[in-house]
Structures are given as C-alpha cells and as structure tokens.
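Here is the structure we will look at.
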Amino acid sequence: MNIKLITIGKTDNKSLQTLIDDYTKRLSFYIKFELEIIPDIKNVKNLSESQQKEKEGQLILSKISPTDQLLLLDENGKKFSSVAFSLELQKKMNSGIKTLVFVIGGPYGFSDTVYAAAQGKISLSDMTFSHQMARLFFIEQLYRGYTILRNEPYHHQ
C-alpha cells in the first residue's frame with residue numbers, strides 16, 4: 001500500500017519543515033509515502049470562503065485517482081488513539097487498497113464535492129492546530145503507527 005498526504009500551501013517555518021522531513025524519511029523505511037503540496041490559491045482576497053474551498057477542492061480532486069481511498073483530516077472526523085490508528089492502518093493494508101490518500105485542507109476546510117468523494121474523516125484532536133503543525137503531527141502519527149505494528153520501542157504504553 002502507498003500513502004499520500006495532500007496539503008494546501010507550503011510550510012514556511014523552517015523548524016517545522018525540518019521535523020516533517022525527518023519523519024518523512026523515517027516513514028519511508030516502512031511504506032511508500034508521498035507528501036504532495038498544492039500551492040496556495042492566488043488572489044484569495046477576491047474570493048469568498050466557499051469559492052476558495054471550491055477552487056482548492058478542484059485541485060485536491062485532480063490529484064486523486066478513482067482507485068484511491070480518500071480520508072480527510074477534519075475536526076469532525078473519527079478520533080483514534082495511536083494504537084487504534086495503527087490497527088486501522090493494518091486493516092487498510094489488509095484490504096488491498098493500493099493508495100490511501102489523506103488530505104489536510106485549506107483554512108476553511110473542504111468543499112462539499114471533496115466531502116462527497118471521501119470515504120471517511122479523521123480528527124487529530126479536539127484542539128485546533130495550524131495546518132503546518134497538523135502535517136507534522138499526522139506524519140509523526142503515521143510513523144508511530146508503523147512502529148507499533150512492528151512492535152518497535154518508539155511508542156510506550
């Protein structure tokens with residue numbers, strides 16, 4: 001199984017980017033992982049919130065193939081412990097999914113079209129994080145999940 005994380009906008013904080021790069025490299029030991037960054041929409045000042053979500057949604061959906069399974073990182077999504085998330089990853093691998101795609105949307109979330117295309121939603125926390133931090137936390141949780149599945153000493157319970 002391949003995992004792709006699609007995000008809107010680049011990470012401009014060098015410290016966060018260094019950590020994202022570190023966990024991306026660690027994760028590559030376990031699975032084929034791709035981080036795809038969709039550039040920020042230009043001239044957002046001239047767009048309404050819903051117009052911005054629609055434009056971002058079109059770009060997100062253009063990066064997904066019909067055989068991909070799409071899961072959105074959304075504040076109203078299902079919450080997992082790290083162990084439960086690792087078991088969910090194992091279930092996805094066992095089901096024969098070729099590519100599992102996670103998406104962190106723009107500042108206003110997702111368009112109705114993206115919600116309709118998704119097979120589920122996951123929440124990282126009841127708290128709100130910046131999109132840049134959400135990337136780091138999510139990639140770290142993917143890495144943690146795979147270390148849990150391999151019974152490696154990274155996760156302590």
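Not measured: the values here are computed from a predicted model. Atom set for the values below is all heavy atoms of this structure, side chains included, hydrogens, waters and symmetry mates excluded.
- Side-chain contacts under 4.5 Å among hydrophobic residues (ILVMFWY), followed directly or transitively, place Ile148 together with Val83, Leu87.
- In this structure, Asp12 has no salt bridge (Lys or Arg N to Asp or Glu O under 4.0 Å) partners at least two apart in sequence or on a different chain.
- Evaluation of the salt bridge (Lys or Arg N to Asp or Glu O under 4.0 Å) rule for Lys10 yields no partner, not counting sequence neighbours.
- Residues meeting the salt bridge (Lys or Arg N to Asp or Glu O under 4.0 Å) test with Asp22, sequence neighbours left out: Arg26.
- The side-chain hydrogen bond (donor to acceptor under 3.5 Å, both in side chains) pairs that include a residue from residues 44-57 are Ser48-Ser50, Ser48-Gln51, Gln52-Glu56, where partners are two or more places apart or lie in different chains.
- For residues 89-126, the set of pairs meeting the ring-ring contact (aromatic ring centres under 6.0 Å, His included) definition, not counting sequence neighbours, comprises Phe102-Phe138, Phe110-Tyr115.
- In this view, Thr67 and Ser65 satisfy the side chain to side chain contact (heavy atoms under 4.5 Å, CB included) rule, not counting sequence neighbours.
- Residues forming a salt bridge (Lys or Arg N to Asp or Glu O under 4.0 Å) with Lys42 (at least two apart in sequence, or on another chain): none.
- Residues passing the side chain to side chain contact (heavy atoms under 4.5 Å, CB included) test with Ser125 are Met127, Phe129, sequence neighbours excluded.
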Indicate every side-chain donor-acceptor pair of residues 27-35 with a distance under 3.5 Å to a residue at least two apart or in another chain.
from: Ser28; atom 1: OG; to: Lys25; atom 2: O; distance (Å): 2.6
from: Tyr30; atom 1: OH; to: Glu152; atom 2: OE1; distance (Å): 2.3

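- Every residue two or more places apart in sequence or in another chain that forms a side chain to side chain contact (heavy atoms under 4.5 Å, CB included) with Asn76 is listed here: Asp74, Lys121.
- In summary, the side chains of Tyr154 and Glu140 do present a donor paired with an acceptor at a separation below 3.5 Å, with no hydrogens or angles considered.
- Partners of Gln69 by side chain to side chain contact (heavy atoms under 4.5 Å, CB included), not counting sequence neighbours, listed by chain and number: Lys92, Ile97, Leu100, Gln119.
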